[in-house]
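What you see below is based on every heavy atom in this structure, not just the backbone, and it leaves out hydrogens, waters and symmetry mates. Starting from 1, each residue takes its place in the sequence as its number.
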Amino acid sequence: MNSADIKFEVDTGVELSLIPLKTYKENLAMVTLYPLSVVLRLYDGSILPTKGEGLVEVTQGSQQATGRFVVENADFRLPLLGRDWLGKLWLNWQELFQSWDPRVNALYTADWINKFPDVVKDGLGWLKGIVAEIELKGKVKPVFCKCRAVPFALRKQVEEIFNSSTDCNTVANILSHRVALAISCAVTGKRQP
């Protein structure tokens, strides 16, 4: 980006490419920021605080394109390469995923489980012997929340996990319910290993 070598995390769920404020100040402070023309919202509906947007020359290998970026008012995230730039730049997905080694993830997970065994012990997430009473306000309008779509690349794995869960009676399909018609699955019975 404008001669600065910035490492991005590819996120196909993000519409616009985002850069944390710290990365902007360190690498792109000479680029003028303009007020953002849209309001960005996070998955939970809250507004993403931003400082503005700018235009830069983006280079990936031998490819060049002009793209806009949004500076978010946060320093704890990695820069995110969104769908706007994915439409302009061709990425070699095989090369990107070739660097990922599942053994590293397995070692990290095993180490994490050994460090924090209480987090994964049986029975967590279950409440037994607790009675809850929920009181609803009378004149409150229901709010529709659109469900989040599963990325196409993950649909097969999600379906396999869901099907294995229904096979061992962990979850069950519910087509309709007198209280909430939008429910698609509910926990039933005991969790199976």
Side-chain angles (χ1 to χ4, degrees), residues 1-102 104-105 108-109 140-163 165 171 173 180-186:
M1 293 180 68
N2 283 20
S3 306
D5 188 22
I6 301 174
K7 202 173 215 173
F8 280 82
E9 182 175 320
V10 176
D11 189 341
T12 57
V14 176
E15 187 176 342
L16 301 173
S17 296
L18 299 170
I19 297 174
L21 184 59
K22 182 179 179 184
T23 304
Y24 169 75
K25 286 179 179 177
E26 290 173 355
N27 300 291
L28 299 166
M30 70 297 254
V31 177
T32 305
L33 290 181
Y34 301 97
L36 195 59
S37 56
V38 293
V39 174
L40 300 181
R41 294 192 179 273
L42 298 171
Y43 174 68
D44 65 358
S46 60
I47 294 175
L48 178 71
T50 60
K51 289 289 186 184
E53 65 180 330
L55 283 175
V56 289
E57 287 294 320
V58 182
T59 305
Q60 165 63 27
S62 61
Q63 303 172 79
Q64 281 193 319
T66 301
R68 81 179 195 182
F69 67 94
V70 175
V71 177
E72 62 175 317
N73 197 13
D75 292 332
F76 56 90
R77 280 193 261 263
L78 288 172
L80 296 178
L81 184 70
R83 292 190 309 264
D84 57 340
W85 287 1
L86 289 174
K88 296 177 182 186
L89 301 171
W90 180 84
L91 298 179
N92 185 343
W93 294 99
Q94 263 188 326
E95 187 179 294
L96 287 171
F97 287 115
Q98 196 171 22
S99 64
W100 179 74
D101 186 351
V104 172
N105 192 33
Y108 173 77
T109 303
V140 175
K141 273 187 163 180
V143 177
F144 173 76
C145 296
K146 181 180 169 187
C147 66
R148 188 171 185 178
V150 175
F152 183 75
L154 298 176
R155 285 187 182 170
K156 186 176 179 184
Q157 293 95 325
V158 170
E159 285 175 8
E160 288 171 0
I161 291 169
F162 182 77
N163 290 338
S165 297
V171 295
N173 282 328
L181 296 174
I183 297 175
S184 61
C185 66

**OP:** Could you tell me whether a side-chain N or O of K88 sits under 3.5 Å from a main-chain N or O of T66, the two making a donor and an acceptor?
**Re:** yes

Subject >> Pairwise distance CZ(F69) to CG(L55) - rounded to 0.5 angstrom >> reply: 8.0 Å

Subject >> Heavy atoms of other groups near E15 CD, more than 12 under 6.0 Å >> reply: no

**OP:** Tell me, with the steps shown, if E72 and T50 meet side chain to side chain donor-acceptor pair (under 3.5 Å).
**Re:** CA-CA 4 Å; E72 62 175 317; T50 60; over 6 Å; no

**OP:** May I have the step-by-step check of side chain to side chain contact (heavy atoms under 4.5 Å, CB included) for R83 and V14, ending in yes or no?
**Re:** CA-CA 6 Å; R83 292 190 309 264; V14 176; over 6 Å; no

**OP:** Go through the steps to decide whether W85 and F8 satisfy the test ring pair (Phe, Tyr, Trp, His ring centres under 6.0 Å), and finish with yes or no.
**Re:** CA-CA 11 Å; W85 287 1; F8 280 82; 5.5 Å; yes

Original post:
CG/L78 to CD1/I19 distance, rounded to the nearest 0.5 angstrom?
Top reply: 12.0 Å

Original post:
Is K51 close to L33 at the side-chain level, that is, under 4.5 Å between some pair of heavy atoms?
Top reply: yes

Subject >> side chain to side chain contact (heavy atoms under 4.5 Å, CB included) between L40 and L18, worked out >> reply: CA-CA 11 Å; L40 300 181; L18 299 170; 4.0 Å; yes

Subject >> Closest contact, heavy atoms only, S37 versus R68 >> reply: OG-NH1, 3.9 Å

Subject >> Under 3.5 Å donor-acceptor, Y24 side chain and V31 backbone >> reply: yes

**OP:** Supply the atom-to-atom distance K22 NZ to N27 CG, rounded to the nearest 0.5 angstrom.
**Re:** 10.5 Å

Subject >> Shortest non-hydrogen contact from G67 toward V58 >> reply: N-CG2, 4.3 Å

Original post:
So how far is it from I6 CD1 to L81 CG, rounded to the nearest 0.5 Å?
Top reply: 11.5 Å

Original post:
What heavy-atom pair brings G82 and S17 nearest, and what distance separates the two atoms?
Top reply: N-OG, 3.0 Å

Original post:
Q60 side chain to W90 main-chain N or O, any donor-acceptor pair under 3.5 Å?
Top reply: no

Subject >> Gap separating the CG atom of L89 from the CG atom of D84, nearest 0.5 angstrom >> reply: 9.5 Å

**OP:** Report the distance from atom CD of E9 to atom CG of L80, rounding to the nearest 0.5 Å.
**Re:** 6.0 Å

